[in-house]
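Report on the following structure.
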Amino acid sequence: MTTHRHRIVDLSETQPNRRRGGDLRAMLTPTAVGATSGFMGLAIVQPGDRIGEHYHPYSEEFVYVVSGSLEVDLDDVTYQMRPDQGLLIPLNVRHRFRNVGDTEARMVFHLGPLAPRPELGHVDTEQTEPPAGAPHGAGHGSPPERTGVVS
């Protein structure tokens, strides 16, 4: 039996992941803390930026908006989210988030259970390109392009 110890992870210890848009920071993960049931992190989304559409074939996703205004598309239906609101995204529901406000948005996310292998955890259904003049991988993007890419 594996014994896990508690560990505090600071946001500054994490690396930005901008592959799907926004700045996604996986904080409490199997690698970082030995988690076995899922992982938790923070999404930082600048005004006009988005997290591209994808779905999770093995995990439910729980999100909680800490600050800012977000729109979320769930299987092509748009909902507004504001601070102090949470959302459960069931298995296989396509979803994307957009910052529609004029300030940075922050959203805590948790996915569980874990996929059998990390590369099976997300299925991207569109590419996300950075806005003009933004550093590579900064997010946003052109209209959805369904790719079916697993990553």
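No hydrogens, no waters, no symmetry mates; every other heavy atom, side chains included, goes into these values.
Summarising the local packing, CG of D10 is surrounded by more than 12 heavy atoms from other residues, nucleotides or ligands at distances under 6.0 Å. The environment of R7 atom CZ is dense: over 12 non-hydrogen atoms of other residues, nucleotides or ligands sit within 6.0 angstrom. The neighbour count for I8 CD1, taken as heavy atoms of other residues, nucleotides or ligands under 6.0 Å away, does not exceed 12.
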Practice item. Check the pair E126 / R50 against salt bridge (charged side-chain N to carboxylate O under 4.0 Å, His left out), numbers first and verdict last. Key: CA-CA 12 Å; E126 71 182 4; R50 72 176 181 177; 3.5 Å; yes
Review point. How far apart are the C-alpha atoms of F97 and V63, what are their side-chain angles, what is the distance that settles it, and do they pass the side-chain contact (heavy atoms from CB on, under 4.5 Å) test?
Key: CA-CA 11 Å; F97 293 91; V63 300; 4.1 Å; yes
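Of the possible donor and acceptor atoms, one in the side chain of N99 sits under 3.5 Å from a partner among the backbone N and O of V45. A donor-acceptor pair under 3.5 Å is formed between the side chain of N17 and the backbone N or O of R19. S59 places no side-chain N or O within 3.5 Å of a backbone atom of H56 that could act as its donor or acceptor partner. Using modelled atom types, one side-chain atom of T125 and one backbone atom of E53 make a donor-acceptor pair closer than 3.5 Å.
A single hydrophobic cluster is seen to contain both V9 and V66, as judged by linkage of ILVMFWY side chains at heavy-atom distances under 4.5 Å, directly or through other members. L88 and Y64 fall into different hydrophobic clusters, where Ile, Leu, Val, Met, Phe, Trp and Tyr residues are linked whenever their side-chain heavy atoms come under 4.5 Å apart, directly or through other members. One hydrophobic cluster holds both L87 and Y79 under the rule that ILVMFWY side chains link at heavy-atom gaps under 4.5 Å.
The aromatic rings of H110 and F62 are tilted relative to each other, their planes meeting at an angle between 30° and 60°.
The CE atom of M27 sits 13.0 Å away from the CZ atom of F39 when rounded to the nearest 0.5 Å.
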